[in-house]
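Single-structure report; data block below.
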Amino acid sequence: MSKPLLEVRGLTKFFPIKQGFFNRTYGYVRAVDGVHFQVSTGETLGIVGESGCGKSTTGRSIIRLIEPTAGEVLFEGKDLVKLPNEVMRRMRKDIQIIFQDPYASLNPRKTIRQILLEPLHVHQVGTKAERIQNIEEMIEIVGLKKEHLDRYPHDFSGGQRQRIGIARALIVKPKLIIADEAVSALDVSIQAQILNLLKDLKKKLNLTVIFISHDLSVIKHTCDRVAVMYLGKIVEIADKQELFRNPCHPYTKALLSALPVADPLVKRARIILKGDLPSPTNPPSGCSFHTRCEYAKDICKSIAPTLTEIYAGQLVSCHFVQEGNDHIALHEDTWRKEVKHEL
Ligand code: SF4
């Protein structure tokens with residue numbers, strides 16, 4: 001694996017809950033709670049989990065659209081968390097974000113030309129003539145035409161607007177792209193076009209991507225490695241092939257059991273999680289998954305497991321997977337038989 005472009009260490013974001021006349025803080029929403037991962041140059045890391053698990057807050061904290069409460073975000077060795085605002089603003093040339101909602105993320109009063117010129121102007125990229133040339137090339141790279149440049153966002157469909165959002169992110173030639181639920185607001189047929197476009201651009205421009213999605217089939221199509229988040233923490237991180245072939249954490253198994261199987265002869269037992277996602281204002285003690293885990297034992301209620309390497313490159317946060325407990329290993333064998341036709 002090439003050296004990491006980005007290394008996230010203990011990233012934490014707690015949002016204070018304020019109330020009353022004096023606006024006192026009486027608690028915290030623990031949106032991201034000590035997350036560690038690395039992203040190598042040229043790779044796509046997927047972050048997946050239920051809505052409210054902290055995946056989008058993680059993405060936004062990396063680029064400091066949300067200020068992290070604690071932790072380090074090392075980008076090419078520099079800790080972004082410690083950078084003064086002005087330096088961080090300049091660093092955003094190298095790290096761009098593609099937002100979920102293509103309707104809300106484009107200024108309706110500006111033409112596409114003005115929208116694409118803005119980042120070039122802010123980051124002082126090229127001369128006037130070079131900027132015009134860049135824009136005309138980029139609009140064609142994302143599959144639109146030069147004549148679209150003088151139209152307004154409301155003249156475009158959702159898929160076309162997301163192409164414009166991608167062009168705006170790529171126009172300054174960033175090294176890292178954070179795609180935050182970039183296709184969730186689009187129809188399924190348009191989703192496929194945008195995913196294929198992102199894949200092609202990644203290859204063509206040698207991009208490194210963090211792809212955030214609640215949809216495992218989108219993650220499976222797009223990513224090289226996958227981090228699974230639950231209640232503000234990463235519970236499993238592995239190479240995509242390994243994660244889909246041999247999920248180890250009970251939460252990952254449950255998520256994957258909901259994916260449709262391509263082979264009609266294979267019947268996979270769906271694992272239905274009991275209960276709802278606990279509130280991040282008051283997460284369960286010990287392992288935060290213990291209230292919904294069918295394998296939970298007493299130790300799970302009091303001691304939080306740590307993310308530990310179980311197989312090469314596959315890290316899991318579970319007491320019993322670390323100890324090679326039989327009931328999970330047994331389940332794993334059954335899983336292997338069920339999914340081997342699929343991959
Ligand atoms: Fe389940 Fe316990 Fe493992 Fe948590 S540590 S996932 S509760 S078995």
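Everything numeric here is computed off the predicted structure, so don't read it as measured data. First listed ligand is number 1; within each ligand, the first listed atom is number 1.
Distances below 4.0 Å separate heavy atoms of Cys318 from the following atoms of ligand 1: 3 (Fe), 5 (S), 6 (S), 8 (S).
Not a single ring-ring contact (aromatic ring centres under 6.0 Å, His included) links Phe37 to another residue, sequence neighbours left out. Evaluation of the ring-ring contact (aromatic ring centres under 6.0 Å, His included) rule for His148 yields Phe156 as partners, not counting sequence neighbours.
Not a single N, O or S atom of His319, from either the backbone or the side chain, sits less than 2.8 Å from atom 2 (Fe) of ligand 1.
Within 6.0 Å of the CG atom in Asn23, the count of heavy atoms belonging to other residues, nucleotides or ligands exceeds 12.
A centroid separation of 6.0 Å or more is found between the aromatic rings of Tyr230 and His249.
For Cys293, every heavy-atom contact with ligand 1 shorter than 4.0 Å involves the side chain, none the backbone. Counting heavy atoms closer than 4.0 Å to ligand 1, residue His249 contributes side-chain atoms (C-beta onward) but none from N, CA, C or O.
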